[in-house]
Enquirer: 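Below: one structure in structure tokens.
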Amino acid sequence: ENMTVDGGGKGFIPQKEIVYNGLLPYCDRLDQEATELLAEIKANLSRAVLLRELWPGVSFWSRKLFSFLKLYGRRFSKEDHVLFINLLYELVTLPNLEPHMMCSYARLLIQLLKKKELLSRDDLQLPWRPLYELYERIIYSKTEHLGLIWFPKYVTSPVNRSTTSVSHCSSKKMYFPASSTKEMLDEWRPLLCVFDVVMQKAISNMELFLPTIMPPEEHSQGFQLWFDELMNLWMSVQNQPSWEGHLVNLFARLANDNIGYVDWTPYIPTIFTRILRSLNLPVGVSQMVAPRYLINSYDIGFLVLWITALLGGPGNPAQKELTCLFSSIASFYHPSNHGRWQSRLMRLLQRLPASVVRRVHRERYAAPSWITVVPECQRLTDTDLQEFTHSLMGAALLAMFSKTGSTDAAYALQNLALLTPELVIPPVLEKTYAAMETLTEPYTLTATLSCMIGMARSLVSPDNRYPEGHSHVLPLLMGSLPGVDPNDFSKCMITFQFITTFTTLVPLVDCSSTPARQTDLTEVKPGRILNISFSGVLETEKPNKKNKTREQPYWLWIFDTLCI
């Protein structure tokens, strides 16, 4: 559908162009410039590879290709896309390659593989063993501790080895062949011994390399070969070993990539029990948390993925456990509670609604691609979203006034308002109006305005999911005016941000002549536009609501006050 043949010579279907380039004043010249630059990159990069001129030839033209992706997007054919990836993959896995050059090629390879919907498994197949051997050679080097080979920190990090360039390349494991799962298990299954430290190496390798995105007909060659074995292993171990976090990350990725194809129901109670234990919450008045439990905590990002993938389905059993989980930890979100566990709780509250929003977009609005879609029976319904919102609202309303700030709660309420605005906006509005009337608690006003800024789009949205939201815009703007206080800088800045957000989302239209043409105007105008008059009449006192006249409506007085 993007096929065009023009003077620039583009006679192919681009993988994905940058749509904003068409708005540039010289967009008519971009096609020819991009075509000439791509031809130059292809010719010189291939020539440098044939001559084995890694420096400066291949490095220079690989940087040119990286710049091309930034300027023009993936403006090349699918065939060129596949050839670029195969070439960069071979360059990354070259033996004895200088670390800086290897990282440079890896960054370009990651950029080419970033949009997974552009290339299916039928279009691209990558062998897993060369990348694994490179990972083994770098991470588990036998000579680095002797000082014979020294790798920079951006190549390997002893603190978090999942952030290395090679690990990011292995994150595109969806392109490994179907037979790769069995080969990996044959390689690492002999290392699975809970009484040996080599268990850490086996589980971390499985987390990095085992593919989980496969069509349903290939599941027998994929996760079904190892799921029962590793799940039983996780269920039987209770002492929180160091490799347990890697296993949880693998399960979370599996659940997110195969929603509806893995039966988690028998394990859901245990999963949420382990999640609650991993939060390291103190029990009792004088009990302390041991440091080793903090080291072995689960990654919040993967926990959120796992919880999100478990939601939905017949009976929605995971939602009941999630409600119990947040009911048990809701008191820890109270502003009077504070401890080193609070940051993890706030990250959980912030990321969970955002993850559910991404899943709803994936199920309802995402463009179709080769990736297996979520079955109809497992998709989140409006009832499921309402139950999810109810389970988090108590904690979110308490976290608004947390000692660490209201940013995390504002993000959570923003995403919850996108899901169910009719349940989220009213309680926050109530707290906001109460804070505006209280002059002795500026921190309460700052926190509530911060949350209202996040929910502004849902409040004025024209989709009629919360139609009475339009009538709150002017009272909120009016109530925020006392916040413009130069003696309290934080309150003043959040007030200006609040006013700026609403005046950006709601168009201001000159309707000064409208009363002369229409006699049926009301105080609340329906539709998407909030009509504000640019009259020069300024009032010095607030008009009485009971005695408002058509010549001086209340909304005109508000705008005039803002002008003052």
Side-chain angles (χ1 to χ4, degrees), residues 106 110 113 116 126-140 155-178 180-194 196-214 219 221-237 240-259 262 264 267 271 274-275 278 295-310 351 355:
I110 293 168
L113 291 169
K116 60 183 178 182
L126 298 174
W128 69 276
R129 190 168 290 276
L131 190 62
Y132 166 66
E133 292 175 351
L134 174 63
Y135 179 79
E136 182 84 6
R137 189 164 60 249
I138 294 177
I139 301 299
Y140 301 102
V155 178
T156 173
S157 172
V159 178
N160 186 4
R161 294 181 175 179
S162 62
T163 61
T164 61
S165 300
V166 180
S167 301
H168 281 302
C169 292
S170 66
S171 65
K172 305 306 177 183
K173 55 188 75 66
M174 68 192 76
Y175 298 114
F176 292 159
S180 61
T181 300
K182 186 178 183 303
E183 297 173 1
M184 293 177 189
L185 293 177
D186 294 340
E187 182 86 16
W188 302 321
R189 185 173 274 143
L191 305 179
L192 296 178
C193 177
V194 296
D196 197 332
V197 293
V198 77
M199 184 79 173
Q200 171 79 16
K201 176 181 178 181
I203 298 298
S204 62
N205 287 344
M206 289 181 179
E207 177 204 351
L208 286 175
F209 289 94
L210 281 177
T212 52
I213 299 182
M214 289 184 173
H219 285 174
Q221 305 178 61
F223 69 87
Q224 293 181 2
L225 296 176
W226 52 263
F227 175 72
D228 292 333
E229 179 182 358
L230 295 185
M231 179 55 72
N232 292 333
L233 176 64
W234 182 67
M235 297 281 287
S236 60
V237 175
Q240 288 190 327
S242 58
W243 46 263
E244 186 180 9
H246 297 286
L247 202 55
V248 169
N249 297 348
L250 176 61
F251 290 148
R253 178 163 56 84
L254 173 67
N256 183 66
D257 295 338
N258 299 274
I259 299 176
V262 183
W264 298 96
Y267 313 106
I271 290 173
R274 296 284 186 91
I275 291 175
S278 72
I295 296 174
N296 298 335
S297 298
Y298 301 155
D299 189 294
I300 292 295
F302 284 99
L303 283 185
V304 164
L305 277 183
W306 204 0
I307 295 173
T308 304
L310 296 178
R351 297 186 183 185
S355 181

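Because only heavy atoms are used, hydrogens play no part in the values below, and waters and symmetry mates are left out as well, while side chains stay in.
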Enquirer: If I compare all heavy atoms of M214 with all of G222, which pair ends up nearest, and what's the gap?
Expert: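 Smallest interatomic distance, heavy atoms only, reads SD-CA, 3.8 Å.
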Enquirer: Can W243 and L233 be said to form a side chain to side chain contact (heavy atoms under 4.5 Å, CB included), step by step?
Expert: CA-CA 11 Å; W243 46 263; L233 176 64; 4.1 Å; yes
Enquirer: With sequence neighbours left out, write down each residue that passes side-chain hydrogen bond (donor to acceptor under 3.5 Å, both in side chains) with N258, or none if nothing qualifies.
Expert: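 Residues passing side-chain hydrogen bond (donor to acceptor under 3.5 Å, both in side chains) with N258: H219.
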Enquirer: Indicate yes or no for a side-chain donor-acceptor contact from S355 to the backbone of R351 under 3.5 Å, with no hydrogens or angles considered.
Expert: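 No; judged by distance alone, with no hydrogens or angles, the pair does not exist.
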Enquirer: So M231 and L247, do their side chains get closer than 4.5 Å, heavy atoms only?
Expert: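 Answer no - side chains too far apart.
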Enquirer: With sequence neighbours excluded, what pairs up with W128 under the ring-ring contact (aromatic ring centres under 6.0 Å, His included) test?
Expert: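 By the ring-ring contact (aromatic ring centres under 6.0 Å, His included) rule, W128 matches Y132, W188.
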Enquirer: Between V248 and I275, is there a side-chain heavy-atom distance shorter than 4.5 Å?
Expert: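 Heavy-atom side-chain distance check fails, nothing below 4.5 Å.
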Enquirer: Does the side chain to side chain contact (heavy atoms under 4.5 Å, CB included) test come out yes or no for M206 and H246, once each step is laid out?
Expert: CA-CA 8 Å; M206 289 181 179; H246 297 286; over 6 Å; no
Enquirer: Who pairs with R274 by side chain to side chain contact (heavy atoms under 4.5 Å, CB included), at least two apart in sequence or on another chain?
Expert: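 Scan of R274 (side chain to side chain contact (heavy atoms under 4.5 Å, CB included), adjacent residues dropped) gives W234, Q238, E244, T270, R277, Y298.
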Enquirer: Please walk me through it: do K201 and E136 pass salt bridge (charged side-chain N to carboxylate O under 4.0 Å, His left out)?
Expert: CA-CA 10 Å; K201 176 181 178 181; E136 182 84 6; 2.6 Å; yes
Enquirer: Quick check: do W306 and L254 have side-chain heavy atoms less than 4.5 Å from each other?
Expert: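 W306 vs L254: side chains apart.
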Enquirer: Residues in side-chain hydrogen bond (donor to acceptor under 3.5 Å, both in side chains) with N256, at least two apart?
Expert: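 None.
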Enquirer: To the nearest 0.5 Å, what is the distance between CG on N205 and CD on E187?
Expert: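 So the CG of N205 and the CD of E187 are separated by 9.0 Å.
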Enquirer: Can you name the residues that form a salt bridge (charged side-chain N to carboxylate O under 4.0 Å, His left out) with D186, not counting sequence neighbours?
Expert: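 Residues passing salt bridge (charged side-chain N to carboxylate O under 4.0 Å, His left out) with D186: K182.
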Enquirer: When rounded to the nearest 0.5 angstrom, what distance separates CD1 in I203 from CG in L192?
Expert: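 CG of L192 is found 5.0 Å from CD1 of I203.
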Enquirer: Who pairs with T181 by side-chain hydrogen bond (donor to acceptor under 3.5 Å, both in side chains), at least two apart in sequence or on another chain?
Expert: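 With sequence neighbours excluded, T181 shows a side-chain hydrogen bond (donor to acceptor under 3.5 Å, both in side chains) to no residue whatsoever.
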Enquirer: Evaluate Y135 against F209 for ring pair (Phe, Tyr, Trp, His ring centres under 6.0 Å), listing each step before the verdict.
Expert: CA-CA 10 Å; Y135 179 79; F209 289 94; 5.7 Å; yes
Enquirer: Any side-chain heavy atom of P241 sitting closer than 4.5 Å to one from V194?
Expert: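 Heavy-atom side-chain distance check fails, nothing below 4.5 Å.
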Enquirer: The criterion is salt bridge (charged side-chain N to carboxylate O under 4.0 Å, His left out); which residues satisfy it with R253, sequence neighbours excluded?
Expert: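 For R253 there are no salt bridge (charged side-chain N to carboxylate O under 4.0 Å, His left out) partners, ignoring immediate neighbours.
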Enquirer: Check the pair F302 / F251 against side chain to side chain contact (heavy atoms under 4.5 Å, CB included), numbers first and verdict last.
Expert: CA-CA 9 Å; F302 284 99; F251 290 148; over 6 Å; no
Enquirer: Roughly how far apart are M235 CE and D228 CG, rounded to 0.5 Å?
Expert: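 Between M235 CE and D228 CG, I get 11.5 Å after rounding to 0.5 Å.
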Enquirer: Roughly how far apart are S278 OG and Q240 CD, rounded to 0.5 Å?
Expert: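 Going from the OG atom of S278 to the CD atom of Q240 covers 7.5 Å.
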Enquirer: May I have the step-by-step check of side chain to side chain contact (heavy atoms under 4.5 Å, CB included) for K116 and Y175, ending in yes or no?
Expert: CA-CA 10 Å; K116 60 183 178 182; Y175 298 114; 4.2 Å; yes
Enquirer: For a quick test of reading the model, state the closest non-hydrogen atom pair linking A202 to L191 and the distance between them.
Expert: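 In this case the closest contact between A202 and L191 is CB-CB, 3.6 Å.
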Enquirer: Applying salt bridge (charged side-chain N to carboxylate O under 4.0 Å, His left out), name anything that partners E183, two or more places apart in sequence or on another chain.
Expert: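 Once residues adjacent in sequence are excluded, E183 has no partner under the salt bridge (charged side-chain N to carboxylate O under 4.0 Å, His left out) criterion.
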Enquirer: Going from OG1 on T212 to CZ on F223, what distance comes out if it is rounded to the nearest 0.5 angstrom?
Expert: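 It is 9.5 Å, given to the nearest 0.5 Å.
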Enquirer: Please report the closest heavy-atom contact between S180 and P211, naming both atoms and the distance.
Expert: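 Smallest heavy-atom distance, with atoms named: OG-CG, 3.8 Å.
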Enquirer: Got a sec, which residues hit salt bridge (charged side-chain N to carboxylate O under 4.0 Å, His left out) with E133, two or more places apart in sequence or on another chain?
Expert: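 Checked E133 against salt bridge (charged side-chain N to carboxylate O under 4.0 Å, His left out); zero matches.
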Enquirer: Between E207 and N249, is there a donor-acceptor pair closer than 3.5 Å when you use the side chain of the first and the backbone of the second?
Expert: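 A pair under 3.5 Å: no.
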